[in-house]
*Asks:* 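Dropping a structure here in structure tokens format, bear with me for questions.
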2 protein chains.
Amino acid sequence: MRNKIADLDVFLRDRGIKASFQRIKIYDYLQCSFTHPSVSMIYEDLHPQIPSLSRATVYNTLNLFLEKKLVQVVNTEGSEARFDLADPHHGHFTCESCGTIIDIPLDKAPALPEGLTGFEVFETQLHFRGKCPQCSSKN
Amino acid sequence: MRNKIADLDVFLRDRGIKASFQRIKIYDYLQCSFTHPSVSMIYEDLHPQIPSLSRATVYNTLNLFLEKKLVQVVNTEGSEARFDLADPHHGHFTCESCGTIIDIPLDKAPALPEGLTGFEVFETQLHFRGKCPQCSSKN
DNA sequence: GTATCTGCAAAACATTTGCAATTCT
DNA sequence: AGAATTGCAAATGTTTTGCAGATAC
């Protein structure tokens, strides 16, 4: 990686998104975090670095990314939406005890069953809920 | 079916839920509707029949059903949660154009990939997003 | 110079909670 | 009577919007 900022700039522009400083930082945050963050988590973490940042900008940016299919809403338990980069080759597991959201690698993206015709699929999501290994062994 | 109300009464009690009139009506509504309704849809439709019904009761009842794993949150697009009876043998398809949520029958419930150990899975959800056959053919 | 994006504050919604009244056993 | 459930109204929390100022092209 030569210059992360410049690369993200190109990446976003290629997808029809004007690459402002805030947008680059938010995309970069999603790429580097493994927590499937909520708007609040993103705002709280980025605000110290970018004191002028507002929550509205985080909301607007994520909505733009959603529209352009760069990100997905992963989980909505607990009333706050949680986000992740769009990628059909992994699913998610939400632990009901500790609330962690874990990436589940998939060999291949799940597909619609044979015989269903006429559907155009833009996005695929596989989600499990239960107890993660740590919480499961604690009982 | 002999007596739907009486049957639902037994069904709910078997699952540790005291079967009030409101709860039976809400469960029955979910069973009979194919729209994957939101709280508002349930409330608007049931309110004429049960004038005293309050939104809070619909929320409370759905939360109780969620806790007892009788229902699932299917979709959260547009900020309102949409509900369906829990059943791992079907997935969902949300049409981005018309907003309809369509049941997708599955031969078998999706499973965690081999090699992941220690997870307890209580709930599985497979979700597609795109254009349904009708909307797809209109462009 | 025009269009777009940001940040603030206010508005709009969705959901939860506290409490009194009601219902069920 | 005692326990649980309902309905209302108020509170909470999240997300969206309108608009003025700042930025980018």
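By convention in this document, chain letters (A, B, ...) are assigned in the order of the sequence lines, proteins followed by strands, and residues within each chain are numbered from 1.
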*Asks:* Does dT4(C) have OP1 or OP2 sitting under 4.0 Å from an N or O in the side chain of S20(A)?
*Replies:*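 For dT4(C), neither OP1 nor OP2 has a side-chain N or O of S20(A) closer than 4.0 Å.
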
*Asks:* Closest approach to the side chain of R23(A), judged atom by atom: which nucleotide of dC25(D), dT6(C), dT6(D) is it?
*Replies:*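 Side chain of R23(A) sits closest to dT6(C).
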
*Asks:* Which of the following nucleotides, dG7(C), dT15(C), dA4(D), is nearest to the side chain of S52(A)?
*Replies:*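 Given the options dG7(C), dT15(C), dA4(D), the side chain of S52(A) is closest to dG7(C).
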
*Asks:* Would you call the rings of H127(A) and H92(A) parallel, tilted or perpendicular, where under 30° means parallel and over 60° means perpendicular?
*Replies:*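 Judged by the thresholds at 30° and 60°, the geometry between H127(A) and H92(A) is tilted.
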
*Asks:* Determine: side-chain N/O of S79(A) to OP1/OP2 of dT15(C), distance under 4.0 Å, yes or no.
*Replies:*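 For dT15(C), OP1/OP2 do not have a side-chain N/O of S79(A) under 4.0 Å.
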
*Asks:* Which nucleotide wins on minimum distance to the side chain of A56(B), given the candidates dT17(D), dT15(D), dT17(C)?
*Replies:*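 The nucleotide sitting nearest to the side chain is dT17(C).
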
*Asks:* So F65(B) and Y27(B), would you call those rings parallel, tilted or perpendicular, with 30° and 60° as cut-offs?
*Replies:*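 Perpendicular, since the angle between the ring planes exceeds 60°.
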
*Asks:* Heavy atoms under 4.0 Å, any strand shown: does N60(A) hit a base, just sugar-phosphate, or nothing?
*Replies:*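 Base contact.
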
*Asks:* Please determine whether a side-chain nitrogen of the Lys or Arg among E123(B) and R129(A) lies less than 4.0 Å from a carboxylate oxygen of the Asp or Glu.
*Replies:*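 So E123(B) pairs with R129(A) through a salt bridge.
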
*Asks:* V39(A) or P51(B): which one's nearest nucleotide on DNA chain D is closer to the 5' end?
*Replies:*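 Closest to the 5' end, via its nearest nucleotide, is P51(B).
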
*Asks:* Mind running side-chain contact (heavy atoms from CB on, under 4.5 Å) on F122(B) and E96(A) for me, showing each step along the way?
*Replies:* CA-CA 9 Å; F122(B) 301 148; E96(A) 291 186 356; 3.6 Å; yes

*Asks:* When all nucleic acid strands are considered with a 4.0 Å heavy-atom cut-off, which category describes R82(B): base, sugar-phosphate, or nothing?
*Replies:*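 Nothing, no nucleic acid heavy atom in range.
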
*Asks:* Send over the distance from F65(B) CZ to dT5(D) P, rounded to a whole Å.
*Replies:*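 In whole Å, dT5(D) P and F65(B) CZ are 12 Å from each other.
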
*Asks:* Any side-chain N or O of Y59(B) below 4.0 angstrom from OP1/OP2 of dT15(C)?
*Replies:*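 Affirmative; the distance criterion is met.
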
*Asks:* Verify whether the ring centers belonging to F128(B) and F119(A) lie closer than 6.0 Å.
*Replies:*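 Ring-ring flag for F128(B)/F119(A): false, centres at least 6.0 Å apart.
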
*Asks:* Check the phosphate of dG7(D) against Q22(B), side-chain N and O only, distance under 4.0 Å to OP1 or OP2. Yes or no?
*Replies:*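 Yes, Q22(B) has a side-chain N/O under 4.0 Å of OP1/OP2 on dG7(D).
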
*Asks:* Between dT5(D) atom P and N63(B) atom CG, what is the distance in whole Å?
*Replies:*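 The distance from CG of N63(B) to P of dT5(D) comes to 14 Å, rounded to the nearest Å.
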
*Asks:* What is the separation between atom CG on L64(A) and atom C1' on dT4(C), rounded to the nearest whole Å?
*Replies:*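 Atom CG in L64(A) sits about 12 Å away from atom C1' in dT4(C).
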
*Asks:* Return the nearest nucleotide to the side chain of L53(A); candidates are dG7(C), dC5(C), dT5(D).
*Replies:*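 When the side chain of L53(A) is considered, dG7(C) is the closest of dG7(C), dC5(C), dT5(D).
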
*Asks:* Answer with base, sugar-phosphate or nothing: what part of the nucleic acid does R55(B) contact at a heavy-atom distance below 4.0 Å?
*Replies:*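 R55(B): no heavy atom of the nucleic acid under 4.0 Å.
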
*Asks:* If you check the S54(A) side chain, which of dG7(C), dT6(D), dT16(C) turns out closest?
*Replies:*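 Among the listed nucleotides, the one closest to the side chain of S54(A) is dG7(C).
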
